[in-house]
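Comments concern the structure below.
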Amino acid sequence: MTEHKREIAHPPEPAGSAEILGFRPLYRQVKDHFVRRLVDGVWAPGTALPSEGQLAAELGVSQGTVRKALDELAAENLLVRRQGRGTFVAEHDEQRILFQFFKLVPDDGVAQFPDSTVLATESAEADDAERAALALEAGETVLRIRRIRSLGGKPQVLETVSLPERRFPGLADGPIPNNLYSLFATRYGVTVAHARERLKAVALSPDEARRLGAAAGTPALSIDRIALSLEGVPVERRLSLCLTEEAHYQSDLR
């Protein structure tokens, strides 16, 4: 039987963690197996992975099959390959977020990670938009974080982050970090794998404009983002109002 049609042979795993791998191309089965290790925290952010040869021997597949699975995970920014050092689980450090998630770039073309100032946090029942975005039941609560994000010391983004409170208990009890995705991964074991965004041109309300130091009615770019975990579960809704007089939204299409 050809390799792409057989199942992975691997040593028994602890009770309750066994995986059922479907009848799919073998490298896809291997990839899903590795994603499950990321989800379960077996491979934590920053962890160095075993060599391709070791993984191939463990799973009973060819080294090429393992390499193809790892290549896809690296292309999805879940793993990082470092020449001469090996393959590591990606961390939500500022450089990764700047490359993958923060797309607002000053017109001079020099990308930079924004500073953040938290304006308010609150626990409240999710509204209709939050329930729809985060797949919440009626009556569930969210933690809302409202903050200003600045580039070069100048307010550029007014942001409202909505999080399912049951998934992130106690998050608001301490300081809210600039890098939320790193906190999600290290404290709660939630890795943001990808996101969906909707962009729209809007005019700032008087309150929004005041927060950003602009005139009421100033044009702004509205970015409505839903962040998804490794399992594809929505874990964050982020609504950003961005001034674009001196900055632009930059996206690399592949």
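Along the sequence shown, residues are numbered consecutively beginning with 1.
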Can you list everything that forms a ring-ring contact (aromatic ring centres under 6.0 Å, His included) with Y249? Sequence neighbours excluded, please. none
Anything under 3.5 Å between a donor and an acceptor, one on a side chain of residues 208-217, the other on a protein residue two or more places apart or in another chain? List them.
residue, atom, partner, partner atom, Å
E208, OE1, S205, N, 2.9
E208, OE1, S205, OG, 3.2
R210, NH2, D207, OD1, 2.7

Taking side chain to side chain donor-acceptor pair (under 3.5 Å) as the test, write out the residues that go with D107, two or more places apart. H248
Pairing residues for R196 by the salt bridge (charged side-chain N to carboxylate O under 4.0 Å, His left out) criterion, not counting sequence neighbours: none
Can you name the residues that form a ring-ring contact (aromatic ring centres under 6.0 Å, His included) with F168, not counting sequence neighbours? F184, Y188
Which residue pairs pass the salt bridge (Lys or Arg N to Asp or Glu O under 4.0 Å) test with at least one member in residues 168-184, sequence neighbours excluded? none
Between the side chains of R237 and D224, is the shortest nitrogen-to-carboxylate-oxygen separation below 4.0 Å, so that they form an ion pair? yes
With sequence neighbours left out, the residues meeting salt bridge (charged side-chain N to carboxylate O under 4.0 Å, His left out) with R144 are E122, E130
According to side chain to side chain donor-acceptor pair (under 3.5 Å), who are the partners of R225, at least two apart in sequence or on a separate chain? Y181, E197
Not counting sequence neighbours, which residues clear salt bridge (charged side-chain N to carboxylate O under 4.0 Å, His left out) with R85? List them please. none
Can you name the residues that form a side chain to side chain donor-acceptor pair (under 3.5 Å) with T160, not counting sequence neighbours? R146
Would you check if there is a donor-acceptor pair between the side chains of E165 and S123 at a distance under 3.5 Å? yes
Partner residues of R187 under the side chain to side chain donor-acceptor pair (under 3.5 Å) criterion, sequence neighbours left out: none
With sequence neighbours left out, what residues match E231 under salt bridge (charged side-chain N to carboxylate O under 4.0 Å, His left out)? none
